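Keep in mind the model is a prediction, meaning the values are calculated, not measured.
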Amino acid sequence: MTAVQLGTLTWRPAADHLELLGAPVAAALPGLSGPAWVAAIDEESADTAAFTDTYGVPATASANCVVVAARRAGETTLAACLVLATTRADVNGLVRRHLGARKASFAPQDVAVAETGMAYGGITPIGLPASWPVLVDAAVAAGELLVVGSGTRGSKLAVSGAVLAALPGAEVLEGLGQPVD
């Protein structure tokens with residue numbers, strides 16, 4: 001496995017450092033279609049803006065995962081959306097239509113944490129419940145190497161966009177990530 005150079009972090013093979021990962025992420029790691037690397041970070045620097053400032057990783061090399069609750073006829077479906085950190089997920093437009101929902105919104109923090117088994121601010125598409133749709137923006141799928149959460153606030157993962165697009169339940173959608181105004 002070739003060493004990864006991204007920002008000022010020291011990246012190591014994730015499979016050799018499971019202690020840095022959330023339990024669902026560690027369990028899902030063997031099923032990935034390609035390599036993953038992990039780097040320990042300060043928990044206070046887990047949010048995107050602080051992370052990019054602290055570790056010199058460009059926002060264009062980071063992807064954010066948000067949990068969405070889509071509702072229709074009294075039924076709620078949870079899904080994950082993965083977009084570049086320089087964009088926002090089109091929850092009220094593309095996501096709502098794609099999931100066939102009457103209403104879609106960000107899932108409440110307590111629901112997102114309970115349903116994923118991951119720490120808020122560290123939620124990642126790797127290790128999500130198998131029944132969840134994982135909507136991946138085409139720009140993420142095309143990424144050579146992207147930083148995502150690790151299931152905890154104390155580390156980050158680096159994986160290729162192709163690995164993210166090959167996750168169980170993943171669907172690549174053009175235009176999922178919209179420019180931030």
Side-chain angles (χ1 to χ4, degrees), residues 14-15 17-38 43 46-48 62-85 87-141 143 146-177:
H17 296 279
L18 299 178
E19 74 282 0
L20 293 174
L21 308 175
V25 179
L29 209 57
L32 294 183
S33 64
W37 295 268
V38 66
E43 288 187 16
D47 294 331
T48 305
S62 293
N64 290 334
C65 181
V66 295
V67 177
V68 173
R71 294 172 200 79
R72 181 175 192 92
E75 295 288 320
T76 299
T77 299
L78 295 176
C81 297
L82 192 61
V83 298
L84 292 178
T87 65
R88 293 186 194 268
D90 183 10
V91 174
N92 292 314
L94 182 60
V95 172
R96 181 185 56 76
R97 288 189 306 273
H98 186 77
L99 295 175
R102 182 183 51 76
K103 182 179 180 190
S105 59
F106 295 109
Q109 179 177 337
D110 60 331
V111 171
V113 169
E115 294 295 325
T116 64
M118 300 179 200
Y120 195 76
I123 294 175
T124 185
I126 299 166
L128 289 176
S131 63
W132 285 26
V134 177
L135 309 180
V136 179
D137 185 68
V140 170
L146 296 167
V147 174
V148 295
S150 65
T152 75
R153 290 183 62 84
S155 66
K156 294 284 187 179
L157 284 173
V159 296
S160 72
V163 166
L164 296 168
L167 289 171
E171 299 176 67
V172 176
L173 300 177
E174 193 70 47
L176 177 60

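- Going from atom CG of Leu32 over to atom CG of Leu157 covers 8.5 Å, rounded to the nearest 0.5 Å.
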Which donor-acceptor pairs under 3.5 Å do side chains of residues 17-30 form with protein atoms, sequence neighbours excluded?
unit_1, atom_1, unit_2, atom_2, d
His17, ND1, Glu19, OE2, 3.3

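- Put simply, CG on Leu128 and SG on Cys65 are 5.5 Å apart, with the number rounded to the nearest 0.5 Å.
- No side-chain heavy atom of Leu146 sits less than 4.5 Å from a side-chain heavy atom of Val159.
- Thr48 meets the side chain to side chain donor-acceptor pair (under 3.5 Å) test with Asn64; sequence neighbours excluded.
- In this structure the side chain of Leu135 never reaches within 4.5 angstrom of the side chain of Val68, judged on heavy atoms.
- With rounding to the nearest 0.5 Å, the separation of CD1 in Ile123 from OG1 in Thr152 is 11.5 Å.
- For Asp47, the side chain to side chain donor-acceptor pair (under 3.5 Å) test picks out Arg153, with sequence neighbours left out.
- Shown here are the side-chain contact (heavy atoms from CB on, under 4.5 Å) partners of Ala79, two or more places apart in sequence or in another chain: Leu99, Pro133.
- Under the side chain to side chain donor-acceptor pair (under 3.5 Å) criterion, the residue pairs touching residues 104-133 are Arg71-Ser105, with sequence neighbours excluded.
- Looking only at distances, no side-chain donor or acceptor of Lys156 sits under 3.5 Å from a matching main-chain atom of Ser62.
- Applying the side chain to side chain donor-acceptor pair (under 3.5 Å) test to pairs two or more places apart or on separate chains, none has a residue in residues 158-169.
- The side-chain contact (heavy atoms from CB on, under 4.5 Å) search around Asp137 returns Val83, Ala139, Val140, Leu176, not counting sequence neighbours.
- Of the possible donor and acceptor atoms, none in the side chain of Ser155 sits under 3.5 Å from a partner among the backbone N and O of Val38.
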Side chains of residues 163-172: which donor-acceptor partners sit under 3.5 Å, not counting sequence neighbours?
unit_1, atom_1, unit_2, atom_2, d
Glu171, OE1, His98, NE2, 2.7

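- Qualifying side-chain contact (heavy atoms from CB on, under 4.5 Å) partners for Arg88, counting only residues two or more places apart in sequence or in other chains: Val180.
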